[in-house]
Amino acid sequence: MCIRWLLGSSQLQRAWRAASLKHLPYGHQGTRRWRHSGGSTYRAVIFDMGGVLIPSPGKMAAEWEVRNHIPSGTVLKALSSGGENGPWMKFMRAEITIEDFLQEFRKLCSEISKTDMSVDFFSFLLTNEQVVKQFPVMTEAITQIRAKGLQTALLSNNFFLPNGKSFLPLDRKQFDVVVESCLEGICKPDPRIYKLCLERLGRKPSECILLEDLGPNLKAAASLGIHTIKVNDPETAVKELKTLLGFTLRTVVPNTRPVRKTMEIPKDSLEKYLRDLLGIQTTGPLELLQFDHGQSNPTYYIKLANQQMVLRKKPPGTLLPSAHAVEREFRIMKALKNAGVPVPKVLDLCEDSRGQDHWDYITRQVQTWIKQYRATETSTIPAMERLIEWLPLHLPSQQRTTVVHGDFRLDNLLFHPETNEVLAVLDWELSTLGDPLADVAYSCLAHYLPSSFPIQPGLGDCDLTKLGIPTAEEYFRMYCLHMGIPPTENWNFYMAFSFFRIAAILQGVYKRSLTGQASSATAEQSGKLTEFMSNLAWDFAVKEGFRVFKEMPPTKPLTRSHHTWARPQFLPRTLGRRSYVTSTDSSPAHASKGALVFSPEGLSPPVREVYQRLKQFIERHVYPAEPELQSHQASAERWTPSPLVEDLKIFNCSAPDTGNMEVLVRYGTEEQKARWLTPLLEGKARSCFAMTEPQVASSDATNIESSIREEDGFYVINGHKWWISGILDPRCQLCVFMGKTDPHAPRHQQQSVLLVPMDTPGIKIIRPLTVYGLEDAPGGHGEVLFEKVRVPKENMVLGPGRGFEIAQGRLGPGRIHHCMRLIGCSERALALMKARAKSRVAFGKPLVEQGTILADIAQSRVEIEQARLLVLKAAHVMDVAGNKAAALDIAMIKMVAPSMASRVIDRAIQAFGAAGLSNDFPLAQFFAGARALRFADGPDEVHRAAVAKMELKHGL
């Protein structure tokens, strides 16, 4: 017999009443009739989608208008424009495509708002499943309706997505019938669509109830004899529906469902066992339900006679060693009950097995969960690989030892329904002796999870102050104060490990779901959640690395007195200092601080190993992803950041963020760094730099005209900027703005730099600009108006009149970053060209044998190597002597690299023929980027002049 334990509690029912309610699984048993007090019989309930099951488009549009500074009501006016023959109704009848609709819709919105307005963000809101998530109260009501044998139907004015599927972010299994306007060619309030729904249900109008939020649609349904409920608030509508149907629409035993097929227990044997155990003599059936939460051991609700119990058992099938230890849980709870800890009374354990001996808890835990993850791994998850390498290297040096629960969180506590009291701590299967801070950190997971998280709704997007809930940091300090211990410095390690552990657990659940062994109905989606959790874990690992980095003593300079780069602890030790060699022999005898590495072979073995890993990562994960990324950039969702890019991000070194990070590191105050630098470094926010203006030649930064004037303790900005890269990205939170504070000051002391939050009123994006027709979504390049934008005085960087100095300090590193990217694009273009030349035949022989192609390949290789060496020299001088000393080298590489890349990419396009001009390959995008960089961070002419002046100066 399976190992299991049981518990009983006279307070169990009261605790359940206080618990949050969750829905039962879908399914219904036969067809029944339900009468309300008036005597009518209802056999089906019909639901609208937007405004009933999910938030209405109108509500989402209103939120989007506020967020994007669009006049209120613009979207709703555009939606209703033209009535039945307007673009919105045509779109929902599938008479026009989504591209045609968005074009018409943008035109309408622009006319209404009197601005040139993009509606792609509104399209994102409509088609993002995280935004349009089904109301839980409606999910539960549908479950109860179907459990009573009534039919359910979805009747929706709907539309097609670019992938050809209709927009339906719901589980179709909830409904017996689904009727969508885009599939039928008719929309509500046309009576024909209601009749079609009734026909497919096989019901008369008087047998049906419709829940709808729009008056005209309700009126049309009522005219046919359908009983209607107007939905203004889902909770209120469900109460009205309950009155009509005459039965509860909320789960009676919260959080339970019928036992899943793969988790069934022989009821006859179980009943006999319980009657013998408890000495129950009375008759009556055994009631057995399964709790629908929990991702590890199946947990059941049992009622027999007047006894209520909970049963826990291991899942069926072959299990991992040391996993699902219900026997340990039984022993710990039995011992703790006698020690006065609030745990339930345990009744019996059917079988026994030995637990693990205690040794270094965190070390054992890290090793255990790495093994557990490896045993259930189904694909490579980059963040998990990084954590598996990072965690063992950063274990706490000191640990306290107490009883550790191992799964301590709110939903393993039973609370008194009326008083602030914990009645029982449940689920002790992972308990042992160990470091209590692991429990403290684990109980804080909800603080960092969104409220929409499917397994355990979190608090990450909630106002904790308003809710009266302490932050995770406050909670941790309260624990330390209560225990009389100093706060640990490596709190981020414990959080990283906790999220890593949850990710490993979810991976195990997902693996078991593939074989039908998982106990939760939501197990199959845990595969995606594993990656989500591992990314959260890595966020904390990065924070821990930055903490250690900040506490490190300053590094001794090589040959200069200014700042040198120190290695964050989370990076390989060999990356802390540069070791330059001129020979391919990387032995210490050939190493020298002042020498320059010409090739990967000249790197030290550990760094060379990192280089090889990076190269393999690019080849295995990045290059194969190019078609999907290109497809995303051509889709209606292109202004939404691609999740694939976020998954693959490993360096977080994109422009213009790198330059803005430089500004904050070099010139920002501690407050400015805390607010803006940290989220930029962690990759959680994006930024833009606003300097270029359409009215003046902005290659001369002293020409800019945008004004910054002081007023009532604020700075007020007015100006017209364009080619502001990254400003259209929905993650863009900061604009580094350059304007004039004193037009009468000396020429290079008139400008200042302000940090402008992107949600500040007065920032109006006029339009996205294109580069050879390419939008560069999702960041794009925006033309923007700043009208009476008020910014606090503390957002000034370095001080008034220091803008030109800041811009010059920012551009040096930014220029070399661009040149590095250009060399990478050139290498990629040449590799594509070689592969193409080997695979194509023209005029009777392979392209690779054509003389002109061979000459182009040779010329490209020579030009790439020339530029690479110049860039390496510039980087070397910047490292050993500083940016100012490298000014000549930086100007030369910025003059050379974009032109070189343009030529190399152009040759590759020529080898591809017409295909090279298409979006089927990245060459056209490479070319547009290289050509644009002959302007960005200063045009070629400025750099040529700078090089010539310095050359002449040196020659005198």
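Predicted model only: the values in this text are computed from it and were never measured. We count residues from 1, following the sequence as given.
By the 4.0 Å N-to-carboxylate-O rule, K838 lies too far from E849 to be salt-bridged with it. Ion pairing between R172 and E180 holds under the 4.0 Å rule for side-chain N and carboxylate O. A salt bridge is defined here as a Lys NZ or Arg NE, NH1 or NH2 lying under 4.0 Å from an Asp or Glu carboxylate O, and E863 with R868 fails to meet this definition. Residues K684 and E646 are not paired through a salt bridge, judged by the lack of any N-O separation under 4.0 Å between the basic side chain and the carboxylate. Salt bridge absent: K107 and E104 never bring a charged side-chain N and a carboxylate O closer than 4.0 Å. Under a 4.0 Å N-O distance rule, the pair E385/R613 does not qualify as a salt bridge. A salt bridge links R731 and D729; the closest N-O separation between the charged side-chain nitrogens and carboxylate oxygens is under 4.0 Å.
Heavy-atom neighbours of K615 NZ from other residues, nucleotides or ligands within 6.0 Å: at or below the threshold of 12. Heavy atoms from other residues, nucleotides or ligands lying under 6.0 Å from CZ of R903 number more than 12. In Q910, the CD atom is not crowded: 12 or fewer heavy atoms of neighbouring residues, nucleotides or ligands sit closer than 6.0 Å. No more than 12 heavy-atom neighbours from other residues, nucleotides or ligands sit within 6.0 angstrom of CZ on F935. More than 12 non-hydrogen atoms from other residues, nucleotides or ligands lie less than 6.0 angstrom from CD of Q859.
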task: May I have the step-by-step check of side chain to side chain contact (heavy atoms under 4.5 Å, CB included) for S826 and M900, ending in yes or no?
output: CA-CA 8 Å; S826 301; M900 175 277 298; 3.5 Å; yes
- prompt: Can Y373 and E377 be said to form a side chain to side chain contact (heavy atoms under 4.5 Å, CB included), step by step?
  reply: CA-CA 6 Å; Y373 172 73; E377 188 175 11; 3.9 Å; yes
message: Using ring-ring contact (aromatic ring centres under 6.0 Å, His included), reason through F912 and F921 one step at a time and then give a plain yes or no.
response: CA-CA 9 Å; F912 269 73; F921 299 94; 4.8 Å; yes
field: From CA spacing to verdict: side chain to side chain contact (heavy atoms under 4.5 Å, CB included), E637, H632
entry: CA-CA 7 Å; E637 289 80 31; H632 179 81; 4.2 Å; yes
message: Does W723 form a side chain to side chain contact (heavy atoms under 4.5 Å, CB included) with V771? I'd like the steps, not just the answer.
response: CA-CA 10 Å; W723 293 105; V771 181; 3.7 Å; yes
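A distance of 6.5 Å separates CZ of R934 from OG of S902, quoted to the nearest 0.5 Å. Interatomic distance, NZ of K834 versus CG of D856, reported as 14.0 Å (0.5 Å rounding). The structure places CE of M661 at 5.0 Å from CG of L680, a figure rounded to the nearest 0.5 Å. Rounding to the nearest 0.5 Å places CG of L614 at 5.0 Å from CD1 of I650. Distance check: I381 CD1 to D647 CG gives 9.5 Å after rounding to the nearest 0.5 Å. Within the model, atoms SG of C182 and CD1 of I98 stand 11.0 Å from one another, a figure rounded to the nearest 0.5 Å.
Geometrically, R931 does not engage F926 in a cation-pi contact, judged by NZ or CZ lying under 6.0 Å from the ring centre and within 45° of the ring axis.
The backbone N or O of S635 sits less than 3.5 Å from a side-chain atom of R638, completing a donor-acceptor pair. Between the side chain of D461 and the backbone N or O of S451, at least one donor-acceptor pair lies under 3.5 Å. Distance alone, capped at 3.5 Å, is enough to place a donor-acceptor pair between the Q633 side chain and the A777 backbone. Of the possible polar contacts, one joining the K721 side chain to the M691 backbone as a donor-acceptor pair under 3.5 Å is found. Between the side chain of Q850 and the backbone N or O of A842 there is at least one donor-acceptor pair closer than 3.5 Å. Counting only distance, with no hydrogens or angles, the side chain of H621 and the backbone of Q616 share no donor-acceptor pair below 3.5 Å. Looking at K894, its side chain never comes within 3.5 Å of a backbone N or O of C819 through a donor-acceptor pair.
Residues S860 and L830 approach most closely at CB-CD1, 4.0 Å, considering heavy atoms. Residues Q507 and T530 approach most closely at N-OG1, 3.3 Å, considering heavy atoms. When all heavy atoms of A924 and S918 are compared, the closest pair comes out as CB-O, 4.0 Å. Taking every heavy atom of both residues into account, I816 and V871 meet most closely at CD1-O, 4.0 Å. Nearest heavy-atom pair across S166 and F160 is N-CD2, 3.8 Å. When all heavy atoms are compared, the tightest approach of L728 to H781 is CD1-N, 4.2 Å.
No side-chain heavy atom of R374 sits less than 4.5 Å from a side-chain heavy atom of W369. Side-chain contact check for L536 versus L449: some heavy-atom pair is nearer than 4.5 Å. Residues M833 and R828 form no side-chain contact, since every pair of their non-hydrogen atoms from C-beta on lies 4.5 Å or further apart. Annotation: side chain of E531 is in contact with side chain of N535 (closest heavy-atom distance under 4.5 Å).
No donor-acceptor contact under 3.5 angstrom links the side chains of S181 and N158, judged on distance only. Checking S654 against D657 by side-chain atom types alone, no donor-acceptor pair falls below 3.5 Å. When only modelled atom types and interatomic distance are considered, R815 and H818 share no side-chain donor-acceptor pair under 3.5 Å. Side-chain polar atoms of Q174 and Q134 form a donor-acceptor pair below 3.5 angstrom. In this structure, a donor-acceptor pair under 3.5 Å is absent between the side chains of Q630 and Q925.
Taking the six-membered ring wherever Trp is involved, the centroid distance between the rings of W88 and F105 does not fall below 6.0 Å.
Under the 30°/60° scheme for interplanar angles, the aromatic rings of Y448 and F499 are found to stand perpendicular.
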